[in-house]
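This is a predicted model, so every value here is computed, not measured. Below, chain A is the first sequence line, B the second, and so on; all start at residue 1.
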Amino acid sequence: MTAMTNQPAEPIEDSDIPTRFDHATAAPRITQAWLDAGCNRAQVDPSRKPFTICIPPPNVTGALHLGHGLNNTLQDVLVRTRRMQGFEALWMPGTDHAGIATQAVVERRLKEQENKTRHDLGRDTLVARIWKWKDQYETRILGQLKRMGCSCDWDRTRFTLDDQCAAAVRATFYDLFSQRLIYRGKRLVNWDTFLQTAVSDDEVFNETTQGHFWHFYYQVIGPKRGEPAMVEIATTRPETMLGDTAVAVHPDPAAALDAVEKELRLKLVDAAEKDLAAINGQLADLEIRRRTMLPTLIMLADMARDHRQVMLPLLDRAIPLVVDPWAKPELGSGCVKITPAHDPNDYEVGKRCGLPMINVLRTDGTLNQEAGVYQGLTIKAARERVVADLDALGQLGEVEDREIELPHSDRSKTPIEPFLADQWFVKMDSLAQSAIDAVSSEAVKIFPTRYRKGYLDWLGEKRDWPVSRQLWWGHQIPIWTSEKLTASDAKSLAAKIAALQSAYSAGESSLTHQTEVDEDGDNRLFVCLRAENAKLQAAVEAIGLVRDPDVLDTWFSSALWPHSTLGWPEKTAELDYFYPTSTLITSRDIITLWVARMVLMGINNTGKVPFSEVFIHPKILDGLGETMSKSKGNGVDPIDIIDKFGPDALRFGLAWLATETQDVRMPVQYECPHCEKLIDQTKKNRSLPRIDCPHCSQPFSTQWAESEADKSLHRGAVVSERFETARNFVNKLWNAARFTLLNLDDYQPIKIDRAALPLEDRWLLTRLATVTAEVTDAIDHYRYAEAARSLYDFAWDEFCSLYVEMAKSRFSDPAQRAATQTIIAHGLDTLLRLLHPIMPFVTEDIWAHLGKVAPTRGLDKQIEAGPFVMRAPWPTVDVRDTGDKTIEKQFAVFREVLGAVRQIRSSQNVPPRESVPVSLVCDAATVVLLTPMIPLLESIATANVVALGPQATAFATDVPLSLPSLGIDVHVDMDRFIDVQAELVRLERLLGQIIKQITVKEQKLSNESFVSRAPEQVVATERQSLQDLKAQRQSVTDDIKKMQNRK
RNA sequence: GGGCGCUUAGCUCAGUUGGUUAGAGCAUCUCGUUUACACCGAGAGGGUCGGGGGUUCGAGUCCCUCAGCGCCCACCA
């Protein structure tokens, strides 16, 4: 059947609609139909309110996994809902160039496959290769999103490195540079010696390794009588001593020790038992230090103030003793070697004490000329040599074994070396403050609110943002430099630049320059170009300036994403209409890196916050509780799930799991393509390119297959049974629709008079109204799981199990057929709209089928249903359908009674078609409620209600069940079926339960304080409940007697 | 070291402001092809709500504490 064409209504045959939703053929067809009709498109339309979401641009490092699947499902649910609610909804798609990550991936492959480094290729060739990689993965990523049903406006797809984003980056950099908010500085950076680039703190992870703690002795130069001849220092990185420029000691060691002791004693007061020993140990240690070390330390401090020096061994360089509070007398020897160029803390000391900073490393991690005879060695080799040589000199002391937290680069997995280098920084002061204010004032609201704290704390530190990266893939810094200039050279160069400035920038200024004096007293000059301009660039280079080879941190361009994608710095109509965007949906690990920076850059560039709400969703963890990531290899490709379960099941399954506080644990299995058996994914096998099936021994490939041999094998999908529920639900909906469609062949809608409707119809309308309100509210507040559960329960337990069942008999009654058709068509129609944002494909397919047999739908008046549920209006709540508590109560009672009858039937093994006589004992009020339900009960439970009311009595061959909370006793005549023994077992068990409950209640009610303090209503309920239980006990006891008599 | 979560059935998770007998899906067991659906239907079994203490008439829910797991931030010469 083709879905999207308008054909005249024709009878539907049973065989026309398969019993399973065929997502594999339906999804591509529907996707195409949406595209053809422009359903995803958003345009500036002043008559409508805009609703905008910018996608968190996935990195082009690799394919998407289920974490992205969740992120994008949640965005799409929201966008589709708002679109249906009448907003001009724009979902802006795109990808991120992910500077260091992407370059690292491509470089690694280059090494593995061709044994080449980036230097073998050169900058242009490498960058061209990365573009190729980007094209390949961008296509794959966008394809994944499309198959998931993401309703992005694809024509607007952006890339953080495309021309439009580049223009925004250039303009931002230029503006910040002009305001001196971007500056050049020497800073200690985390140096990745493998990738030969600085990486940010955020790209560093710590790993505990077995290391040593070496003690050295440095000789004091010209020790006077009574003074120590040596100072002892200790380090975990001996080779850095080559860059030592001082040895520090605390300025007032006695006071420092006192302070520590005071703190320890405070701790002692409210310490737990088990900690006491440890603290006391520390206090004892302090005492020893006071006696043994303190005099020496005080003497050393005096010597330092006296500008005394020690001799750095091996290099025979005299270095000063300095005083600095960083040297803590309570630790180690109390003295600390200072290596400003290779340790963050030492760097601070170096700055405070005005020490020289000697960098002993080359960019590749080998030692440079500063290291003297050790020049050219690797760090590892140098370390061994330094230790051996010091030992030979007799200046090596104790060597302790110690666990060391060693920083590693997240990208190359190699150890980080702190390294002094020239870098560009963004000054965070006022920028950070604006982003703090935005969240404090709730101009930007973060959900769940607990994530506000991390955001505010991080920004509160206002640490300047190092933005240069020694990479080739990214936005090259738009700065041209000339260094080591004399003052007069600098002056004449500046004049030439001023000339260029007036020649090229009529109107808007597009070039600016700054001069500054470097640490050696020379001048350097920077020129910044605002936009790409080949001629101007050539002119700048012609007067001798050289472009900075570095590129910008990826987050610099990501920070501009909400406005750069809409055309900023141009004043576009799009920007004016769609910006600020509405909601950002992302994961918690980039709240600071990305969200905070978008807020401050958005405010800086546009004067407005980039979005008013941020929703942080849970993370998807694998079966071992680890987050999914490309680098770990435990990522599951959403396409595998889609192939097996369908896109709707993927989406519904993810939404169902996306609760507020809990991350989603997702154990996965490989599915062998040969024998279809499932193989648990483990730490060992999760990143293998091929696996031999343990069941059928045949090999299959995985998503990591790269070699041709592996790729030619059959691919083993990674699946999770956690999507079965959702897949089954999709099919349940499909079949409810199938039933409806098969009964709409002669659809003749009639005008509905609500008051005259039968009970079950009024109930359905009430429930639809309630569910509509619930789902709307849940989605508004990002409670996706609640929306999914609410729809699941209603669709399955109420629409399918009750309403459809009740409709069966009414369809065969000519008097009721038309009305039932009208209502069920309306019910299905509403359900499809409500489910569409979560399950777009199956709802769209059913919508098309429904449109053919029932092109107009509605209650008060018939309305032409449009061709797409995607573009249909979101259901609204009609007040006439809400608040009828009587009907809800009637159905609640009905379902209880129905359950009781079924339970009795099942316990006695009564065949489904056998009608059983039923007698219902209840009070007069319940009779009124229940009487209209009798026909439904009879049809659904295959029961025959022979008596109802206070006077109704038990049967001679009775199997009863009491519903104490409702005050109803259900009696079923089991004359023909009864299994006396089984029944006795059941009754005895039941009696036991009742007696237990009675005991609990009696205890409760005999508790004087409960009766006097609990609210009256609670006490009354308990009393009534006890009374009911007692009555039930009586009747069960009677029944047991009766049953024993039958024996 | 600081911060934020989490711990409920065999598994994966819900559980609104404290209030009848703590729920769902999967798995298990029993029964059933009944005119949409076996990716289905009916029913059953399965819980000291991580341990301990407290507040309260009443605690899965609030407070304290201990233990375990996870994440974020800082730091360790």
key: Sugar-phosphate, base or nothing in reach of A/Trp796, heavy atoms under 4.0 Å   = sugar-phosphate
task = Indicate, with a heavy-atom threshold strictly under 4.0 Å, whether A/Tyr451 touches base, sugar-phosphate, or nothing.
result = nothing
key: Distance-only side-chain donor-acceptor flag, A/Lys337 / A/Thr240, under 3.5 Å   = yes
ask   = Got a donor-acceptor pair under 3.5 Å from the side chain of A/Glu805 to the base of B/A36?
value = yes
Whole-Å gap separating C1' (B/C71) and NE2 (A/His617) = 15 Å
task = Rounded to the nearest angstrom, tell me the gap between atom CD in A/Gln669 and atom C1' in B/U12.
result = 12 Å
key: Spacing of A/Leu802 atom CG relative to B/A36 atom C1', expressed in whole Å   = 15 Å
task = Using only side-chain N and O atoms of A/Arg463, determine if any of them is under 4.0 Å from OP1 or OP2 of B/A74.
result = yes
ask   = Between atom CZ in A/Arg789 and atom C1' in B/U12, what is the gap in whole Å?
value = 10 Å
task = Measure from the side chain of A/Glu724, starting at C-beta and using heavy atoms only, and say which of B/C37, B/C26, B/A42 lies closest.
result = B/C26
query = Quick one: is B/A36 close enough that its OP1 or OP2 comes under 4.0 Å of any side-chain N or O from A/Lys808?
reply = yes
ask   = Hey, are A/Asp777 and A/Arg783 close enough for a salt bridge, meaning a charged N less than 4.0 Å from a carboxylate O?
value = yes
task = Measure from the ring center of A/His23 to the ring center of A/Trp734 and say whether it is less than 6.0 Å.
result = no
request  = Confirm from the modelled atom types if A/Lys732 and B/C37 form a donor-acceptor pair under 3.5 Å, side chain to base only.
outcome  = yes
ask   = Base, sugar-phosphate alone, or nothing: which one does A/Val730 contact when heavy atoms must sit under 4.0 Å apart?
value = nothing
query = Hey, is the side chain of A/Arg727 pairing donor to acceptor with the base of B/C39 inside 3.5 Å?
reply = yes
ask   = Hey, is A/Arg895 close enough to A/Glu798 for a salt bridge, meaning N to O under 4.0 Å?
value = yes
ask   = Given atom CD1 of A/Ile590 and atom P of B/C73, what is their separation to the nearest angstrom?
value = 12 Å
task = Salt-bridge test for A/Asp745 and A/Arg817: reply yes if a basic N is under 4.0 Å from a carboxylate O, no otherwise.
result = yes
task = Give the nucleotide from the list B/C4, B/G25, B/C39 with an atom nearest to the side chain of A/Arg450.
result = B/C4
query = Below 4.0 angstrom from OP1 or OP2 of B/A44, is there any side-chain N or O of A/Gln903?
reply = yes
